Structure formats: C-alpha cells, structure tokens
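Here the structure is a predicted model, which is why all the values come from computation and not from measurement.
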Amino acid sequence: MRIRSSSIAFVVLTGALVWFRPCENARAAEQGPLAAGVQPYVERQELAGAVMAIATKEKVLDVEAAGFADVAAKKPMQTDSVFWIASQSKPITCIAVMMLVEEGKIDLDAPVERYLPEFQGQMVVAEKDDAHVLLKKPARPPAVRDLLSHTSGLPFRSAIEVPTLDRLPLADRVRSYAMTPLEYEPGTKFGYSNAGINTSARIIEVVAGMPFEDFLDERLFQPLGMKDTTFWPNEEQVARLAKAYAPGPNGMGLVEVTIDQLHYPLTDRAARYPMPGGGLFSTAADLARLYQMLARGGELDGRRYLSQAAVEKMTDKRTPEGVKDFYGFGFQASTGQYGHGGAYSTNTYFDRTRNVILIWLVQHAGFPGKGAETQEAFRHAAFEHFCK
C-alpha cells in the first residue's frame with residue numbers, strides 16, 4: 001500500500017496570496033498517482049488538500065494525501081487527517097437501524113408513532129400560500145422505512161435547528177419534528193430530510209435503551225476498528241482535523257472558514273449533541289473498514305454486522321416508482337454504485353462494476369476555478385492505475 005503526501009505551492013495569509021516555489025524533483029518523487037492527479041488544482045489554489053483512497057473488499061490498494069490540511073500554517077495533509085463527513089453520517093445511522101431490524105426489535109413497516117408516541121396525530125399540509133396553511137390528516141402516518149428513504153414527509157429540519165444543527169439533545173430535536181406538519185403524504189415523494197434520519201436514530205435510543213452515540217460505539221465503531229469516527233473529536237483528533245475552505249473574493253483563491261452548521265469548540269460534550277443526519281467526523285481508514293464490511297455483504301474479519309439481504313435492502317432503490325431520485329435506506333444508490341456525499345464535498349462509494357471502494361475526503365464549501373473537477377481527477381487516476 002502506498003501512503004503519500006504532497007507539497008503545495010501557495011498559502012493564504014490574511015487574505016493575501018503568498019507564493020512558494022516547491023522543489024519539482026522532490027515533489028515528483030514523493031507523489032503517488034492519486035496525489036499527482038489532483039496536484040495541479042492545488043497549485044492553482046483550486047483545492048486546499050485531499051485524502052484519497054481506493055480499496056477492494058479484501059484490502060486497501062492505496063491511500064494518499066495531497067495539499068494542505070492548514071494552508072496558512074503550511075501543514076501538509078496527512079493520510080490520517082480527520083474530516084467532518086457531514087451527511088455521510090446518514091448511511092451509518094441507517095446501518096444501526098437495520099441491525100435492530102434484523103434482531104426483530106424494529107419493524108420497517110411500523111408507523112413511527114409506535115416507537116415515538118409524540119408523532120401520534122401528526123398532520124400533513126394540504127394547501128399553502130403566503131398567508132394560510134391548510135392541514136389534513138394524512139392517508140397513513142409515516143413508517144420507519146419512510147424515514148430511511150427520505151419519503152416520510154418530514155422537513156429537512158425544524159425551525160428550532162437554526163443556525164447550528166448540533167445544539168439540541170436528540171429527544172428534543174425529534175419532538176420538534178413531531179410538532180411540525182408533514183410536507184407531503186408519506187411514501188409519495190422524495191424529500192431529503194435530516195429530520196427523518198435523526199428520528200430514526202431516536203427510535204434506536206428508545207428500542208435499545210441507550211444513547212444513540214453509545215449504540216454506534218459499542219455495536220459498530222469499536223468492533224469495526226473505526227477508532228477515529230465520532231461526534232466529538234478529542235484534542236488529538238482536532239490536531240489532525242483538516243481545516244475548511246471556500247472560494248475567495250470574486251471566486252479566486254481559497255479562504256479559511258468555520259463550519260457554520262457546527263458549534264465550537266468541537267470537543268465540547270456539554271454544549272454539542274449528536275446529529276445522526278450529519279454530525280460525524282472520520283478518516284479514510286475508518287470509512288474503508290465500513291465500506292469493506294458492506295461490500296462483503298455485511299461481514300468483516302469473521303464478524304457479521306448485517307445480513308446480505310439487509311445490505312441489499314439498503315443499497316437498492318426504495319423510493320416510489322415514478323420518483324426520479326434513486327435512494328435506498330440511507331444510501332444514494334444506482335445500478336452502478338452506492339454511497340453518500342457530505343456537505344463539505346466529501347464522498348465515499350462502492351463501485352459495483354469495478355468492485356472497488358473510492359474514498360474522497362476534502363473540506364470545501366465550494367471550489368474556485370476548476371476545483372469542482374478534482375474528484376473526477378481522483379477517480380480517473382484511481383481507475384487508470386488500479387482497475388486495469
């Protein structure tokens with residue numbers, strides 16, 4: 001397995017661009033094919049840095065780092081850098097739900113109100129204009145399966161989850177969803193919903209009798225060896241955290257930003273709460289373990305987490321016929337691949353055709369110039385060098 005890190009040709013200091021002349025020979029000697037594929041974007045200030053990995057069901061073929069985790073400090077990106085993976089948390093939450101489904105403790109077809117009585121009597125919007133909202137009783141209440149496939153009718157979030165998404169205990173957050181009218185009849189449309197995934201996590205708490213984060217640690221993260229996946233990165237993990245960047249003035253260069261969906265400091269367990277729909281931090285190594293388990297039909301290193309049938313349920317289309325969105329239980333899915341992206345441009349997926357896992361970790365709220373092409377450049381390099 002190659003483990004590489006690359007240099008960078010610039011740094012942003014107090015809004016000004018300061019240029020450095022890297023040693024071309026040294027850089028070429030250090031870089032592997034994945035880092036080399038995205039290095040031109042780093043040098044044009046269109047990408048701060050990235051960690052990239054390609055793996056099969058059995059082993060990690062390559063993991064490389066390019067650019068900087070901290071541009072101003074000239075801190076190189078490392079292969080064990082930590083990233084906020086945002087909505088990549090969603091399939092992880094749904095894996096936990098499916099574990100309890102297989103144990104007979106959660107019924108996918110049961111109404112949500114069976115587990116969370118506060119949802120009893122929830123209404124759906126029948127008509128709405130600028131001045132009035134007309135509510136009616138839905139044809140049926142949302143079921144657990146609707147939560148996992150974003151077809152429940154729940155909104156993306158409730159009015160009290162502003163501006164940050166991690167300041168409320170999960171039970172309080174979910175209670176606010178129950179007080180909010182459904183946006184459409186359950187099971188009839190696709191509506192991407194943090195609220196739905198968060199609600200499914202609250203069902204886990206009620207059924208398992210433990211906090212959601214403890215369930216993940218005990219049943220998934222620790223057994224899989226996902227040692228850096230957490231809602232609260234500790235001081236050592238924060239030191240490895242990749243900083244976030246956005247396009248600079250007039251779409252040129254890079255500006256360091258804080259993640260406005262999160263409350264700081266990230267280590268604060270008193271003020272920050274788990275956000276099942278988008279709160280996890282992780283690394284390439286941890287995500288490789290997770291996706292290897294899925295690619296192997298729910299088993300890894302002799303331990304079974306899900307049945308093959310459960311993995312297939314999660315990674316095949318579960319949205320209604322006639323709805324163009326191709327979504328499984330927690331996964332964006334198609335005939336060719338399944339996986340999920342995150343708000344700050346991370347993405348992990350299993351390519352069913354090539355039988356490989358691709359992991360793309362960056363921390364970007366948008367890209368300047370041609371930076372949006374960087375993930376495709378990574379994929380091209382990965383396929384060119386490892387899938388012939």
Side-chain angles (χ1 to χ4, degrees), residues 1 34-35 37-38 47 49-66 77 79-96 98 192 197 216 220-221 224-231 241-242 244 276-298 300 305-306 311 314-315 326-334 336-364 372 374-383 386-387:
M1 173 175 64
L34 305 184
V38 302
L47 173 70
V51 175
M52 300 152 284
I54 180 169
T56 65
K57 299 175 184 180
E58 291 77 25
K59 63 181 180 179
V60 176
L61 300 176
D62 194 19
V63 55
E64 299 181 26
M77 190 73 79
T79 53
D80 67 347
S81 290
V82 177
F83 295 79
W84 178 53
I85 61 171
S87 285
Q88 286 190 267
S89 308
K90 289 179 169 67
I92 294 174
T93 297
C94 292
I95 288 170
M98 293 302 293
Y192 190 71
I197 301 299
L216 286 185
L220 196 62
F221 297 157
L224 270 175
M226 297 175 67
K227 59 185 179 63
D228 284 320
T229 305
T230 178
F231 291 107
L241 190 68
L280 286 170
F281 295 78
S282 193
T283 61
D286 282 12
L287 291 171
R289 297 281 296 171
L290 181 78
Y291 273 77
Q292 282 179 319
M293 178 271 287
L294 293 165
R296 293 168 59 90
L300 189 64
Y305 299 83
L306 294 170
V311 173
M314 297 186 71
T315 58
F326 207 109
Y327 217 94
F329 289 157
F331 284 94
Q332 295 167 326
S334 70
Q337 66 185 52
Y338 63 82
H340 214 288
Y344 274 55
S345 305
T346 60
N347 193 21
T348 304
Y349 70 90
F350 177 64
D351 187 310
R352 304 182 203 253
T353 303
R354 297 177 176 88
N355 285 313
V356 292
I357 299 156
L358 292 182
I359 299 170
W360 169 251
L361 294 178
V362 296
Q363 211 79 121
H364 267 258
T374 51
Q375 186 179 173
E376 182 56 37
F378 152 61
R379 282 198 294 259
H380 177 79
F383 294 152
F386 299 99
C387 295

Would you find a donor on one side and an acceptor on the other, under 3.5 Å apart, between the side chain of [X] and the backbone of [Y]?
X    : Y    : result
S81  : M77  : no
W360 : A50  : no
R289 : M226 : no
Q332 : F326 : no
S89  : P276 : no
T283 : V82  : no
D62  : I54  : no

Any side-chain heavy atom of [X] within less than 4.5 Å of one from [Y]?
X    : Y    : result
T230 : L280 : no
R296 : E58  : yes
Y344 : H364 : no
N347 : H340 : no
C94  : M314 : yes
L224 : Y305 : yes
L47  : V38  : yes
I95  : F329 : no

Can you see which heavy atom on [X] is nearest to which on [Y], and at what distance?
X    : Y    : value
T229 : S282 : OG1-OG, 2.8 Å
S87  : P91  : O-CD, 3.6 Å
T315 : A333 : O-CB, 3.2 Å
V311 : G297 : CG2-C, 3.8 Å
L34  : E64  : N-OE1, 3.2 Å
A55  : V60  : CB-CA, 3.8 Å

Could you check whether [Y] and [X], counting side-chain N and O atoms only, form a donor-acceptor pair closer than 3.5 Å?
X    : Y    : value
Q375 : R379 : yes
T56  : K59  : no
Y192 : K90  : yes
Q88  : T348 : yes

Task: Check: F350 ring centroid to Y338 ring centroid under 6.0 Å - done: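 Here the rings of Y338 and F350 have centres that are less than 6.0 Å from each other.
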
Open item on the list: Does L287 form a side-chain contact (heavy atoms from CB on, under 4.5 Å) with T346? I'd like the steps, not just the answer.
Closed with: CA-CA 11 Å; L287 291 171; T346 60; over 6 Å; no

Task: CD1 on I357 to CG on L290, rounded to 0.5 Å - done: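 Answer rounded to 0.5 Å: 9.0 Å.
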
Open item on the list: Distance check, rounded to the nearest 0.5 Å: T93 atom OG1 versus L216 atom CG?
Closed with: 6.0 Å

Open item on the list: Quick one, F281 with L241, criterion side-chain contact (heavy atoms from CB on, under 4.5 Å). Give me CA distance, side-chain angles, the key distance, then yes/no.
Closed with: CA-CA 9 Å; F281 295 78; L241 190 68; 3.8 Å; yes

TODO: Show the numbers, then the answer: is there a side-chain contact (heavy atoms from CB on, under 4.5 Å) between L358 and D351?
DONE: CA-CA 8 Å; L358 292 182; D351 187 310; 5.6 Å; no

Open item on the list: Apply side-chain contact (heavy atoms from CB on, under 4.5 Å) to residues I359 and M52 and explain how you reach the verdict.
Closed with: CA-CA 6 Å; I359 299 170; M52 300 152 284; over 6 Å; no

Task: F383 six-ring face occupied by R354 cation (under 6.0 Å, within 45°) - done: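 Yes.
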
